[in-house]
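Only a predicted model underlies this, so the values are computations on that prediction, with no experimental measurement involved. Residues take their numbers from the sequence shown, with the count starting at 1.
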Amino acid sequence: RFTVAVPISGWGTTFGVGKESAWATPIARNANWVRASKWGLTRTQIRDVVGHLTHGDAGDVQEEFSVREEAGGPLTFPLRYVGVHGLLLEAILGAVATTGAISPYTHTYTMAATLPSLTLEGRRGNSGNSEVFEGCKVKSATLACAVGEVATLDAEFMAQTSTARAASGSPAYGTGELVAFHQAPTITFNAVSYAVKNYSLEFDNGLERVDELGTL
């Protein structure tokens, strides 16, 4: 059994985000673009060999068949106060309630059994080409920050599939301020505030792929 996958990375790599109203139904990314620190979403074709003893004239020639396709991968980016980062936090936990008015709104994220799905469009560096992944759900994620750094979000996505690479949309980025270490000096837990030098908050949604007869 073997797989073929090529990681996507490179100077100028960015991604667009859209919240799907129905799982695996692609939605426009519009102006919801984020500068990526790492982009590794791919679609992988998994094949296996057929279990018989006749392989043709050459002994190393084997008959193969497609087992399944798998789409998804890692994504890392710096957090900002304004932009689409809230969509990604909602995708991690499941639900969000917004109160207040601008400057500031208050977004309260809570865990939900049904996770929302996203459409992610990865623009491949400065090539002008992109690949659109649909039905993206967060398998696991890490929110982290340390002294002297900006906060980052590292997420592992599972997707249904992706489209063939084509000309990308036009990235338009928000102007929100980066979430820097000196802007959040304490962490409150169980009504007690603590001064910290670094933190790493990990999420695991326990998602697994479910293979079905009649489809890859």
Side-chain angles (χ1 to χ4, degrees), residues 1-29 34 36-77 88 91-92 94 113-142 152-169 200 202-216:
R1 177 169 295 186
F2 61 91
T3 63
V4 177
V6 179
I8 303 173
S9 61
W11 183 264
T13 298
T14 61
F15 65 95
V17 183
K19 182 181 177 181
E20 298 175 347
S21 57
W23 178 71
T25 301
I27 192 74
R29 278 67 66 196
V34 181
S37 301
K38 177 175 70 176
W39 170 273
L41 273 72
T42 59
R43 184 176 65 178
T44 303
Q45 174 69 64
I46 299 176
R47 301 179 63 83
D48 208 344
V49 296
V50 180
H52 56 64
L53 299 177
T54 303
H55 302 303
D57 295 335
D60 59 347
V61 176
Q62 295 180 321
E63 187 177 8
E64 304 161 358
F65 70 102
S66 296
V67 177
R68 63 180 176 273
E69 290 183 356
E70 292 185 358
L75 174 59
T76 303
F77 57 93
L88 293 151
I92 293 172
T114 302
L115 297 174
S117 62
L118 304 175
T119 299
L120 298 177
E121 178 179 356
R123 190 172 190 269
R124 300 172 59 81
N126 293 320
S127 68
N129 292 329
S130 68
E131 189 172 3
V132 177
F133 290 80
E134 60 190 57
C136 299
K137 293 196 173 187
V138 178
K139 182 178 181 180
S140 60
T142 301
T152 59
L153 184 59
D154 191 342
E156 180 76 22
F157 281 92
M158 295 176 61
Q160 186 210 45
T161 188
S162 70
T163 62
R165 295 169 189 165
S168 73
S200 178
E202 299 181 358
F203 307 87
D204 188 346
N205 287 323
L207 298 184
E208 294 184 2
R209 296 186 183 276
V210 178
D211 295 333
E212 300 177 357
L213 291 174
T215 178
L216 290 174

Between Thr76, Leu88, Val34, which is the residue that forms a side chain to side chain contact (heavy atoms under 4.5 Å, CB included) with Leu153? Leu88

How far does CD of Gln160 sit from CD of Glu69, to the nearest 0.5 angstrom? 9.5 Å

Heavy-atom closest pair (Phe65 atom, Val50 atom, distance to 0.1 Å) is CD2-CG2, 3.9 Å

Just verifying a value: how many Å separate Thr14 OG1 and Arg123 CZ, rounded to the nearest 0.5 Å? 5.5 Å

Ignoring hydrogens and angles, tell me if any N or O in the side chain of Asp48 forms a donor-acceptor pair with the backbone of Val67 under 3.5 Å. no

Distance-only, no hydrogens or angles: does the Arg43 side chain make a donor-acceptor pair with backbone N or O of Ser162 under 3.5 Å? yes

Looking at Lys139, I want to see if its NZ is surrounded by more than 12 non-hydrogen atoms of other residues, nucleotides or ligands under 6.0 Å. no

For Thr119 and Phe133: C-alpha separation, side-chain torsions, deciding distance, then whether side-chain contact (heavy atoms from CB on, under 4.5 Å) applies. CA-CA 6 Å; Thr119 299; Phe133 290 80; over 6 Å; no

Heavy atoms, side chains only, cut-off 4.5 Å: are Glu134 and Thr25 in contact? no

For a quick check under 3.5 Å, do Thr44 and Glu70 share a side-chain donor-acceptor pair by atom type? no

Can you check whether Leu118 reaches Lys19 side chain to side chain, under 4.5 Å on heavy atoms? yes

Can you tell me how far OG of Ser66 sits from CD1 of Ile46, rounded to the nearest 0.5 angstrom? 10.0 Å

Can any side-chain N or O of Ser130 pair as donor or acceptor with the backbone N or O of Glu121 at less than 3.5 Å? no

Any side-chain heavy atom of Thr142 sitting closer than 4.5 Å to one from Phe203? no

Under the criterion side-chain contact (heavy atoms from CB on, under 4.5 Å), I'd like the reasoning laid out for Val17 against Leu120: C-alpha separation, chi angles, the key distance, then a yes or no. CA-CA 5 Å; Val17 183; Leu120 298 177; 3.9 Å; yes

Judged by modelled atom types alone, do Asp204 and Ser140 share a side-chain donor-acceptor pair under 3.5 Å? no

Side chain of Asn205, backbone of Ile92: donor and acceptor closer than 3.5 Å? yes

Between the CZ atom in Arg47 and the CD atom in Glu63, the distance rounded to the nearest 0.5 Å is 10.0 Å

Residues Ser117 and Ala24: closest non-hydrogen pair is OG-N, 4.3 Å

Checking the side chain of Glu131 only, and the main-chain atoms of Thr42 only, is there a donor and an acceptor separated by less than 3.5 Å? no

Are the side chain of Arg29 and the backbone N or O of Ile27 linked by a donor-acceptor pair below 3.5 Å? yes

Check whether any side-chain heavy atom of Thr114 sits under 4.5 Å from a side-chain heavy atom of Trp23, and report yes or no. no

Would Ser37 and Thr152 count as a side-chain contact (heavy atoms from CB on, under 4.5 Å) here? Give the steps. CA-CA 9 Å; Ser37 301; Thr152 59; 5.5 Å; no

Closest heavy-atom pair and its distance - Pro74, Lys38: CB-CE, 4.1 Å

Min side-chain heavy-atom separation Phe15-Leu75 under 4.5 Å: yes

Are side-chain heavy atoms of Leu216 and Thr161 found at a separation under 4.5 Å? no

